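The structure appears below as structure tokens.
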Amino acid sequence: MANRDSAYFWEGAALGELRIQRCNACGALRHPPGPACPGCGALDRGHLVASGLGTVFSYVVHRHPPIPGKELPLVIALIDLDEGVRMVGEVSGVEPEEMAIGMRLRVDFARVDDELTLPFWRRV
Ligand SMILES: [Zn+2]
């Protein structure tokens, strides 16, 4: 799951930080992370810690097929972070019929094991 380009993201999650990749040359934010800035082509990259707040852009309710370790249905949303990038995330504690585009969400973190902490989202 983690590779050289996304290690900063998973290290942040383990610390309870939602990190967004930022180009050190032009300051553009991007997600998902990549080696080069799509804006200016620079390879020099860093990150910022997001506020952890976002708005549902769209979502799907996953009912089938089963996913190991997951209770279905599962709500997966495309979330527009307040910082301006879009991220995919699992929404917890919201019934599928309550989900709505435009809903405000706040990130939270679930520690899976020593190696992995996963961000997920709750209703604000
Ligand atoms: Zn750039």
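Values in this document were obtained by computation on a predicted structure and should not be read as measured data. Hydrogens, waters and symmetry mates play no part in the numbers below; they use all other heavy atoms, side chains included. Residue numbers start at 1 and run along the sequence shown. Both counts, for ligands and for their atoms, begin at 1 and track the order of listing.
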Inset, instruction - Let me see the working for L18 and F9 under side chain to side chain contact (heavy atoms under 4.5 Å, CB included), right down to the final yes or no. - result: CA-CA 7 Å; L18 188 70; F9 183 85; 4.0 Å; yes
Inset, instruction - Report the C-alpha distance between M103 and Y59 in whole Å, list the side-chain angles of each, state the deciding distance to 0.1 Å, and finish with yes or no for side chain to side chain contact (heavy atoms under 4.5 Å, CB included). - result: CA-CA 11 Å; M103 179 182 284; Y59 65 94; over 6 Å; no
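Residue-and-atom listing of protein N/O/S atoms under 2.8 Å from the Zn ion (ligand 1), sorted by chain and number: C23 SG, C26 SG, C37 SG, C40 SG.
Evaluation of the side-chain hydrogen bond (donor to acceptor under 3.5 Å, both in side chains) test over residues 62-78, restricted to residues two or more places apart or in two chains, returns K70-E90.
Legend: residues meeting side chain to side chain contact (heavy atoms under 4.5 Å, CB included) with D113, ordered by chain and number and at least two apart, are E115, L116. Under the salt bridge (Lys or Arg N to Asp or Glu O under 4.0 Å) criterion, R45 pairs with D5, not counting sequence neighbours.
Ring geometry, Y8 versus H47: the interplanar angle falls under 30°, so the pair is classed parallel (tilted spans 30 to 60°).
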